[in-house]
Amino acid sequence: MSSLIKLQWQTDARSSLSRRDRQGCDYEAYVPDLLADAPISFDGDTAADVSDAEVAIRRLNQETTTLADSEAMARLLLRAEAVASSKIEGLEVGGRRLLRADLARSLDDARPDVTATEVLNNVEAMHWAVETLSGARELEVDDLLAVNERLLAGTDMEPHGGKIREEQNWIGGSSFNPCSAAFVPPPPGHVLELMQDLCAFCNQDRLPAVAQAALAHAQFETIHPFADGNGRTGRALIHVILRRRGVAPRFVPPISLVLATWSSDYIDGLTRTRYAGSRSSEAALEGMNAWVSLFAGACQRAVADADAFEARVRALQTEWRERLGRVRKNSAVDLLLAALPGAPVITVQSGASLIGRSVQAVNEAIPRLVEAGVLKQTNIGQRNRAFEAAELIDSFTALERQLASPTADTITAPPERRVPARPQP
């Protein structure tokens with residue numbers, strides 16, 4: 001049975017904090033029910049929402065044909081998801097800046113972009129989680145610690161990465177005490193048991209995958225097991241479950257982009273799962289069904305927008321080929337056209353590595369792509385010449401803007417959160 005534990009906060013009276021910030025108080029920390037052995041069932045509407053969401057995700061993975069061989073669509077959607085997951089936690093970086101920062105890390109004279117590095121850590125942690133943990137026989141606590149460690153690598157919080165917190169944390173209110181917090185997660189002594197139970201739940205297959213991902217995510221965010229990066233780790237867990245269960249074998253739609261747009265509903269949905277008392281109470285059942293239905297709706301919206309983006313990429317590639325005229329199959333130009341959606345900013349060297357052709361072949365192909373307007377030259381750092389598919393980056397920006405609109409139309413419903421500026425014609 002879930003419970004609220006009454007605790008007392010005490011601050012050293014000799015600290016340099018203001019009187020208000022060093023005040024003590026009584027507060028309550030929430031300890032959720034265990035999930036692994038809990039009886040769980042959904043009402044008819046929620047079950048139907050979950051079923052529709054799973055059908056949509058499966059169809060997206062089965063029927064999307066553009067870039068199927070190069071997996072570029074998967075990389076783009078993963079990048080979009082990772083960027084959105086970062087933005088929910090306040091790390092805002094536009095697509096073009098992120099792509100350039102990613103390329104700059106392999107170049108000698110490019111200055112590091114600290115904020116972009118944090119977002120790139122998110123991309124890499126998500127990729128590692130999806131590719132590694134989805135194939136693991138069982139998900140274990142150490143696996144989630146590894147995801148968090150990768151997320152915080154190279155940041156100020158790196159010393160805390162991959163470690164279960166040993167102190168009380170809280171959400172909202174003051175940075176110095178939980179006295180005015182919006183939510184206080186379980187005390188540290190409860191975290192390991194809750195995490196072990198969560199992993200046991202994630203290893204089951206008794207629930208539909210979308211419902212399992214929704215409940216696992218909510219439970220993880222409630223436990224809040226780390227000093228930092230909880231939201232990003234919890235959203236990576238969504239990917240892992242949907243891939244492990246076979247619903248999204250190729251790619252997961254950018255669900256976090258939708259949740260970032262529906263931020264108020266997202267927070268409210270998580271809050272409603274934090275019932276007090278019996279799991280079978282009316283409030284508990286209504287809260288669980290409301291959250292799972294909201295999550296299923298976010299999945300369907302993400303699929304719809306991923307479909308629209310895939311169509312834009314397909315049309316753009318067709319237009320590129322029309323401008324270029326005859327393109328020999330498996331030539332460097334042909335392979336770059338297929339690979340660019342997954343890597344819209346390249347150097348000659350990275351392009352050669354990307355398509356498995358010689359530097360000379362790519363060096364000969366790029367001028368033709370520049371002349372056709374597929375690529376345009378830019379610079380990374382002081383002396384590194386790079387090339388970017390500006391139209392593709394603009395399409396990616398349009399996707400970010402579209403997903404930031406409650407109705408997927410930024411003209412009739414402006415973005416609900418900060419997004420890159422509309423691409424100029």
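All values reported here derive from a predicted model rather than from experimental measurement.
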(request) Look up atom CG in L133 and atom CG in L237, then write down how far apart they are to the nearest 0.5 Å. (result) 9.0 Å
(message) Any non-hydrogen side-chain atom of R279 less than 4.5 Å from a side-chain atom of L35?
(response) yes
(request) Apply side chain to side chain contact (heavy atoms under 4.5 Å, CB included) to the pair F183 and I267, showing each step before the final yes or no. (result) CA-CA 11 Å; F183 174 69; I267 294 170; over 6 Å; no
(message) I want to check something: taking the side chain as every heavy atom from C-beta on, are P249 and R58 in contact at a cut-off of under 4.5 Å?
(response) no
(message) Please report the interatomic distance CD(E310) to CZ(F251), rounded to the nearest 0.5 Å.
(response) 7.0 Å
(request) Can you see which heavy atom on H224 is nearest to which on R165, and at what distance? (result) O-NE, 2.6 Å
(request) Flag yes if more than 12 heavy atoms outside E193 fall under 6.0 Å of its CD atom; otherwise flag no. (result) no
(request) Indicate the ring-plane relationship of W9 and Y27, choosing parallel, tilted or perpendicular according to the 30° and 60° boundaries. (result) perpendicular
(message) To the closest 0.5 Å, what do you measure between OG (S134) and CG (L242)?
(response) 11.0 Å
(request) Could you pull out all residues at least two apart from A315 that satisfy side-chain contact (heavy atoms from CB on, under 4.5 Å)? (result) none
(request) Identify the two heavy atoms, one from L194 and one from I223, that lie closest to each other, and give their separation to 0.1 Å. (result) CB-CD1, 3.6 Å
(message) Tell me whether E131 is salt-bridged to R244, with the criterion being a basic N under 4.0 Å from an acidic carboxylate O.
(response) no
(message) Between Q10 and Q8, do the side chains contain a donor N or O and an acceptor N or O under 3.5 Å apart?
(response) yes
(message) So, applying side chain to side chain contact (heavy atoms under 4.5 Å, CB included) with Y30, which one of I5, T222, V184 is it?
(response) T222
(request) Please check if the side chain of H239 supplies one atom and the backbone of A236 the other of a donor-acceptor pair under 3.5 Å. (result) no
(message) We want to know whether S350 and T347 form a side-chain donor-acceptor pair, criterion being a heavy-atom distance below 3.5 angstrom.
(response) yes
(request) Using only heavy-atom distances, determine whether the side chains of D49 and S293 contain a donor-acceptor pair under 3.5 Å. (result) yes
(request) Taking R243 for its side chain and R250 for its backbone only, find out whether a donor-acceptor pair lies under 3.5 Å. (result) yes
(message) Are P187 and H190 packed together at the side-chain level, in the sense that at least one heavy-atom pair is separated by less than 4.5 angstrom?
(response) yes
(request) Give me the ring orientation class for Y266 and W291: parallel if the planes are under 30° apart, tilted from 30 to 60°, perpendicular past 60°. (result) tilted
(message) Looking at every non-hydrogen atom in both residues, tell me the closest pair between H217 and L270 and how far apart they are.
(response) CD2-CD2, 4.3 Å
(request) Look only at the side chain of E167 and the backbone of P188, and say whether a donor-acceptor pair between them is shorter than 3.5 Å. (result) no
(message) If you count heavy atoms of other groups shown closer than 6.0 angstrom to CD of E166, is the number above 12?
(response) no
(message) Among T273, T46, D45, which residue satisfies the side chain to side chain donor-acceptor pair (under 3.5 Å) criterion with N289?
(response) T46
(message) On a heavy-atom basis, which atom in L145 and which in I164 lie closest, and how many Å separate them?
(response) CD2-CG1, 3.8 Å
(request) Might you point out which heavy atoms bring V362 and G351 nearest each other, and give the distance in Å? (result) CG2-C, 4.0 Å
(request) Would you check, one step at a time, whether the test side chain to side chain contact (heavy atoms under 4.5 Å, CB included) holds for D334 with R321? (result) CA-CA 9 Å; D334 183 48; R321 291 182 181 277; 2.8 Å; yes
(message) For Q219 versus P32, what's the shortest heavy-atom pair and its separation?
(response) OE1-CB, 3.8 Å
(request) Would you give the length of the straight line joining atom CD of E138 to atom SG of C199, rounded to the nearest 0.5 angstrom? (result) 9.5 Å
(request) First locate atom CD1 of I355, then atom CG of L336, and finally report the distance between them rounded to the nearest 0.5 Å. (result) 4.0 Å
(request) Give a yes or no on whether the backbone of L144 and the side-chain of N148 come within a donor-acceptor separation of less than 3.5 Å. (result) no
(message) Could you tell me if the side chain of I255 sits less than 4.5 Å from the side chain of R235, heavy atoms only?
(response) no
